[in-house]
Amino acid sequence: MKVKVLSRNPDDYVRETKHDIQRVPRNYDPSLHPFEVSREYTRALNATKLERVFAKPFLASLDGHRDGVNCLAKHPRSLSTLLSGSCDGEVKVWNLTKHECVRTLQAHEGFVRGMVVRYCGSSFFTIGDDKTIKHWKMEAPGYGEEEEPLNTILGKAVFTGLDHHQKSAVFATCGHQVDIWDEQRSTPIRSFTWGVDSFSSVRFNPVETELLGSCASDRSIVLYDMRESTPLKKVIMTMRTNTISWNPMEAYYFTCANEDYNLYTYDMRYLENPVKVHVDHVSAVLDVDYSPTGREFVSASFDKTIRIFPKDSASSREVYHTKRMQHVICVKWSADSKYILSGSDEMNIRLWKANAAEKLGVLSPREKQAIHYSQKLKEKFQHHPQIKRIARHRHLPKVIHHQRKELRVMKEARRRKCVSSFFFFFFLSPGSTEGRNDGNPPLPPFKGEVAIWAGAREKV
């Protein structure tokens, strides 16, 4: 004889304390929830709309410079410390937590061309139009002491770029050539040239620390190894590259900001073709910097906007602009991957959120769970037309909107022209068998047929 007994465990439905949430029994059988997908779609749609409502990325503006901000430098050990150099030779040290300047020094005569903090954070280097390299202490001078550099090196030509080694007392500069310097010496320990008049930027690889790359005035990007006496590789672009940035997580990849409105991500082992071409800007790209995670990078452009790109996406996921912000000269991504700093022509440094709709401050466990749930719902329904349209929509200034439309028309015209050239030369040229009914062998292709076909294939 069967005896059915009801058995309930109080731990399944009784709260441990009166402050806990009431436990509700749930059955997750899909057959009992036929409208689950429609409910989740509605929640995903609402979450996407709310994300756009709460997307307010601008946090603060740091003003105090009397000329345009030309370069920025992050502190490797302190998240709240930022250094900036302007076009009048002034250097300022900022406290980002308090949004105030804690130190000002007149470093150079003319532009401050570059600035970098030593890997230990105890000092920093600056270069300027006065052909000097100056080494400064990070700490402000005491009461009654004068603001003097620790060391000054006078060069033979103007320096245009500067970067420091990640682990040793070595730094690199560029100008009419790329020089490797020891901090204890007043002459370079190694110099690299490759038949170029001048270089605009130099960057050390943060992973393979002996490698560095530079941008030259002849539209080339040159890679070096400090252990070798000659440069390693060189790739020549269609237009001039302004600066490069290495991926901090993948040693072989770097992204360069180009004058042709695009950014190009390369694998240094295969420089024949870029891994990805990043479009969306409508004017020259002036600076680029990677997130510490290596998954995204931020770019600054002459079109007065900042854009955030996923490293494997051709289009940007976010664009930042304000009415007052002019040409953006330099940009940095903070070391905690949460903030972006930009310096522009109108003498301001702006602080932005990397995730425009992110809520700042301490979050309760329930808030974290709700945000995570909303994020997963948006990922699940991201390809639905209505959600995709809302998530992708960004307001742009009228000028940029019209320029993008014009560039789109030009690109489409080039594509049509390329396709028609491909059709004519491949099917109707004397070297093809089309249109030849006389039984004779096809004529040899004339010069340019294969090249034009290959170009058409690549562009289409």
Side-chain angles (χ1 to χ4, degrees), residues 1-60 79-80 96-97 248-250 290-298 308-313 315-318 320 333-340 351-395:
M1 175 177 143
K2 279 187 178 181
V3 177
K4 295 184 179 180
V5 180
L6 292 175
S7 176
R8 294 189 178 92
N9 186 359
D11 293 338
D12 294 337
Y13 56 88
V14 177
R15 294 183 295 175
E16 292 183 3
T17 67
K18 64 179 182 179
H19 301 293
D20 290 347
I21 302 172
Q22 290 282 2
R23 296 191 178 186
V24 180
R26 297 182 187 277
N27 190 335
Y28 294 101
D29 184 5
S31 61
L32 300 177
H33 302 281
F35 302 109
E36 181 182 8
V37 175
S38 59
R39 277 200 306 270
E40 286 187 345
Y41 175 77
T42 305
R43 289 173 185 169
L45 185 62
N46 291 337
T48 306
K49 290 178 179 178
L50 287 174
E51 182 187 32
R52 301 317 311 151
V53 167
F54 292 117
K56 302 187 186 304
F58 180 72
L59 293 176
L79 289 175
S80 61
L96 297 178
T97 307
M249 290 294 162
E250 300 178 22
Y290 262 94
S291 161
T293 61
R295 296 180 179 178
E296 294 179 321
F297 61 86
V298 60
I308 301 174
F309 292 84
K311 70 178 179 65
D312 52 358
S313 172
S315 300
S316 60
R317 72 161 175 87
E318 199 65 78
Y320 295 157
W333 203 308
S334 68
D336 62 349
S337 191
K338 287 190 174 183
Y339 304 100
I340 289 168
L351 182 64
W352 312 82
K353 289 190 286 188
N355 185 1
E358 182 182 9
K359 183 180 178 182
L360 300 180
V362 181
L363 299 178
S364 67
R366 290 186 68 187
E367 284 180 312
K368 291 180 183 177
Q369 187 177 1
I371 291 172
H372 183 69
Y373 177 62
S374 299
Q375 187 65 33
K376 289 299 180 184
L377 284 180
K378 286 184 285 187
E379 290 177 7
K380 181 177 180 180
F381 294 96
Q382 62 183 334
H383 298 295
H384 284 244
Q386 194 172 1
I387 291 179
K388 186 177 181 180
R389 180 185 62 83
I390 295 171
R392 289 183 58 188
H393 180 265
R394 296 293 182 275
H395 176 268

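Taking each heavy atom of Ser334 and Asp336 in turn, the nearest pair found is OG-OD1, 2.5 Å. Heavy-atom minimum distance, Ile340 versus Ala354: CD1-CA, 4.1 Å. Between Leu79 and Ala335 the shortest heavy-atom distance is CD2-CB, 3.6 Å. The two residues Tyr290 and Glu296 have their closest heavy-atom pair at CD2-O, 3.4 Å. Contact record, Asp29 with Ser31: OD2-OG, 2.8 Å, taken as the closest heavy-atom pair.
Atom CD1 of Ile390 is separated from atom CZ of Arg52 by 10.5 Å, given to the nearest 0.5 angstrom. Rounded to the nearest 0.5 Å, atoms NZ (Lys338) and OG (Ser291) are 12.5 Å apart. Atom NE2 of His372 sits about 10.5 Å away from atom OG of Ser374, to the nearest 0.5 Å. In this structure, CZ in Phe297 is found 9.5 Å from OG in Ser316, a value given to the nearest 0.5 Å. Atom CZ of residue Phe381 and atom NZ of residue Lys388 lie 16.0 Å apart, to the nearest 0.5 angstrom. To the nearest 0.5 Å, the span separating CD on Glu358 from CD1 on Ile371 amounts to 8.0 Å.
Heavy-atom contacts from other residues, nucleotides or ligands closer than 6.0 Å to CZ of Arg26 number 12 or fewer. Applying the 6.0 Å contact sphere to CZ of Arg392 captures no more than 12 heavy atoms from other residues, nucleotides or ligands. The environment of CD1 in Ile21 is sparse: at most 12 heavy-atom neighbours from other residues, nucleotides or ligands sit within 6.0 Å. Annotation: Glu250, atom CD; neighbour count of heavy atoms from other residues, nucleotides and ligands within 6.0 Å is above 12. Other residues, nucleotides and ligands contribute at most 12 non-hydrogen atoms within 6.0 Å of the CZ atom of Arg295.
Within the structure, salt bridge (charged side-chain N to carboxylate O under 4.0 Å, His left out) contacts touching residues 364-384 (residues at least two apart or in different chains) are Glu40-Lys380, Glu51-Lys378, Lys359-Glu367, Lys376-Glu379.
Residues Pro292 and Pro248 form no side-chain contact, since every pair of their non-hydrogen atoms from C-beta on lies 4.5 Å or further apart. Side-chain contact check for Tyr41 versus Ile387: some heavy-atom pair is nearer than 4.5 Å. Thr293 is not listed as a side-chain neighbour of Trp333, based on a closest heavy-atom distance of 4.5 Å or more. Residues Tyr339 and Leu360 have side chains in contact (heavy-atom distance under 4.5 Å, counting atoms from C-beta outward).
Ring geometry for Tyr320 against Trp352 counts as parallel: the plane angle stays under 30°, on a 0 to 90° scale with 60° as the upper cut.
Remark: side-chain polar atoms of Arg394 are paired, donor with acceptor, to backbone N or O of Arg317 under 3.5 angstrom.
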Fill in: Worked check of side-chain contact (heavy atoms from CB on, under 4.5 Å) between Arg389 and His384
CA-CA 9 Å; Arg389 180 185 62 83; His384 284 244; over 6 Å; no
